Amino acid sequence: MSEASSDRVEIVNIVGSGALGVEVDIAALAGDIPEAEYDPENYHGMYLRFEEHAPLVTLYRSGKYIITGADSSDRLFEMREQTLNLLQEMGIVAVDVDDGFSIQNFVCQADIGQDVNLNATAIGLGLEKTEYEPEQFPGLVYRPPEYDCVILLFGSGKVIVTGASELEIAEHAFEHLKSKVAELL
DNA sequence: TTAACGTTTTCTTATATAGCCTGATACA
DNA sequence: TGTATCAGGCTATATAAGAAAACGTTAA
């Protein structure tokens with residue numbers, strides 16, 4: 001895993017979801033696909049992983065599915081294509097299926113590049129927008145009103161941005177935080 | 001009081017972050 | 001036996017999905 005530079009965010013995980021539009025007998029399907037894993041006693045979704053460390057596809061009986069663990073949009077859509085191709089080969093879905101697939105959540109990491117006093121930062125950012133309870137969790141939770149995402153800030157200056165549906169939102173939110181922290185120094 | 005129904009919560013997966021706690025192991 | 005070190009798990013955050021359990025409410 002590469003280090004996040006001090007002026008940009010690095011994607012570490014993307015969550016996407018879609019719907020096949022047909023009901024799927026996942027118990028039968030799991031028996032026909034070597035890459036599938038299905039244990040209804042543990043969880044009712046069927047897991048599909050094409051190779052080690054590849055993103056994980058979770059397929060439900062309703063035909064809806066989610067993909068987690070991709071570190072780029074390309075990787076996510078590549079996994080979606082691979083999944084649809086497999087299901088088309090098996091006659092589960094049509095070749096031109098419209099699954100309405102979309103990205104739901106970007107998880108990114110970044111680095112401000114210097115240590116941060118989280119107590120002072122929580123006050124500076126506004127206590128109504130932040131949560132900081134070091135006894136419970138060492139990171140400061142910041143919910144910027146301008147951006148639809150949540151930022152975790154740590155004393156080391158490391159940052160996690162999550163909940164963004166677009167990469168630009170995560171990037172802008174990080175820049176916003178960075179300038180706010182700079183003002184407080 | 002019990003049954004029936006509706007609503008809410010939990011579970012699972014991925015991922016980074018960092019501090020604390022617990023258990024296991026090694027050594028004096 | 002006591003101390004030190006290490007690994008692993010938990011804490012929090014977002015998001016999708018749907019089953020199941022745990023609730024709360026209402027009526028008989």
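Numbers restart at 1 for each chain; the letters A, B, ... are given by sequence-line order, proteins then strands. This one's a predicted model, so the numbers in the text were calculated from it and none came from an experiment.
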A:V141 side chain: which of B:dA18, B:dA16, C:dT13 is closest?
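Within the option list, the nearest is C:dT13.
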So, OP1 or OP2 of B:dT17: does either fall under 4.0 Å of a side-chain N or O from A:Q109?
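Yes.
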Just the rounded figure in Å: distance from C1' of B:dT13 to CG of A:L59.
14 Å
Please tell me which of the listed nucleotides, B:dT13, C:dG18, C:dA12, lies nearest to the side chain of A:I66?
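Closest nucleotide to the A:I66 side chain: B:dT13.
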Interatomic distance where CG belongs to A:L153 and P belongs to C:dA14 [whole Å]:
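Atom CG in A:L153 sits about 16 Å away from atom P in C:dA14.
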If the cut-off is 4.0 Å, is A:R49 near the phosphate of B:dT13, judged by side-chain N/O to OP1 or OP2?
no
Identify, between A:C149 and A:G63, the residue whose nearest nucleotide on DNA chain C lies closer to the 5' end.
A:C149
Nearest-Å distance for atom pair CG/P, residues A:L140 and B:dA16
21 Å
Can you figure out which of C:dA16, C:dG18, B:dT17 approaches the side chain of A:K64 most closely?
C:dG18
Report which part of the nucleic acid A:V150 touches: base, sugar-phosphate, or nothing (heavy-atom distance under 4.0 Å, all strands).
sugar-phosphate
Select base, sugar-phosphate, or nothing to describe what A:Y47 touches, counting heavy atoms under 4.0 Å on all strands.
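Sugar-phosphate, no base atom in range.
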Partner of A:L59 by side-chain contact (heavy atoms from CB on, under 4.5 Å), out of A:T83, A:I66, A:L48, A:L29:
A:L29
Closer than 3.5 angstrom, by distance alone: can the side chain of A:Q104 be matched with the main-chain N or O of A:V15 as a donor-acceptor pair?
no
At 4.0 Å (heavy atoms only), tell me whether A:S165 reaches a base, stays on the sugar-phosphate, or touches nothing.
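Result for A:S165 = nothing.
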Under 4.0 Å: is that the gap between some side-chain N or O of A:S156 and OP1 or OP2 of B:dA18?
yes
Under 3.5 Å, is there an N or O donor on one side and an acceptor on the other linking the side chain of A:T68 and the base of B:dA14?
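Donor-acceptor pair under 3.5 Å: no.
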Measure OH/A:Y43 against P/B:dT10 and give the value in whole Å, please.
15 Å
Of the listed nucleotides (C:dA19, B:dA18, C:dA16), which one gets closest to any side-chain atom of A:F154?
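From the listed options, B:dA18 comes nearest.
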Provide, to the nearest angstrom, the distance between the CD1 atom belonging to A:I169 and the P atom belonging to C:dT15.
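Checked: the CD1 to P distance equals 11 Å.
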Whole-Å distance between C:dA19 P and A:D39 CG?
16 Å
Of all the nucleotides listed (C:dA12, B:dA18, B:dT12), which has the minimum atom distance to the side chain of A:P138?
B:dA18
Is A:L56 touching bases, backbone alone, or none of the nucleic acid, heavy atoms closer than 4.0 Å?
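Sugar-phosphate contact only - A:L56 comes under 4.0 Å of backbone atoms but never of a base.
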Select one nucleotide: of C:dT15, C:dA17, B:dA16, the one nearest the side-chain heavy atoms of A:Y60.
C:dA17
Would you say a side-chain N or O of A:R61 is under 4.0 Å from OP1 or OP2 of C:dA17?
no
Indicate whether OP1 or OP2 belonging to C:dA17 is found under 4.0 Å from a side-chain N or O atom of A:T58.
no
Please check this pair: side chain of A:N105 against backbone of A:G163, looking for a donor-acceptor N/O pair closer than 3.5 Å.
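A pair under 3.5 Å: yes.
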Please give, in whole Å, the distance from C:dA14 C1' to A:L167 CG?
15 Å
Under 4.5 Å between side-chain heavy atoms, counting indirect links through other Ile/Leu/Val/Met/Phe/Trp/Tyr residues: same cluster for A:Y65 and A:V22 or not?
yes
Select base, sugar-phosphate, or nothing to describe what A:E131 touches, counting heavy atoms under 4.0 Å on all strands.
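Sugar-phosphate contact only - A:E131 comes under 4.0 Å of backbone atoms but never of a base.
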So A:Y142 and A:H176, would you call those rings parallel, tilted or perpendicular, with 30° and 60° as cut-offs?
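Parallel.
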Shortest side-chain distance from A:H44, nucleotide among C:dA14, B:dA18, C:dA19:
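Selected nucleotide (nearest to the side chain): C:dA19.
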Test item: A:N13 side-chain N/O and A:G69 main-chain N/O as donor-acceptor pair under 3.5 Å:
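Here the side-chain-to-backbone pair exists.
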By nearest-nucleotide position on DNA chain B, the 5'-leaning member of A:H53 and A:P134 is A:H53
Rounded to whole Å, please give me the gap between CG in A:D71 and P in B:dT13.
20 Å
In terms of relative ring orientation, are A:Y43 and A:Y60 parallel, tilted or perpendicular, with 30° and 60° separating the classes?
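A:Y43 vs A:Y60 ring planes: perpendicular.
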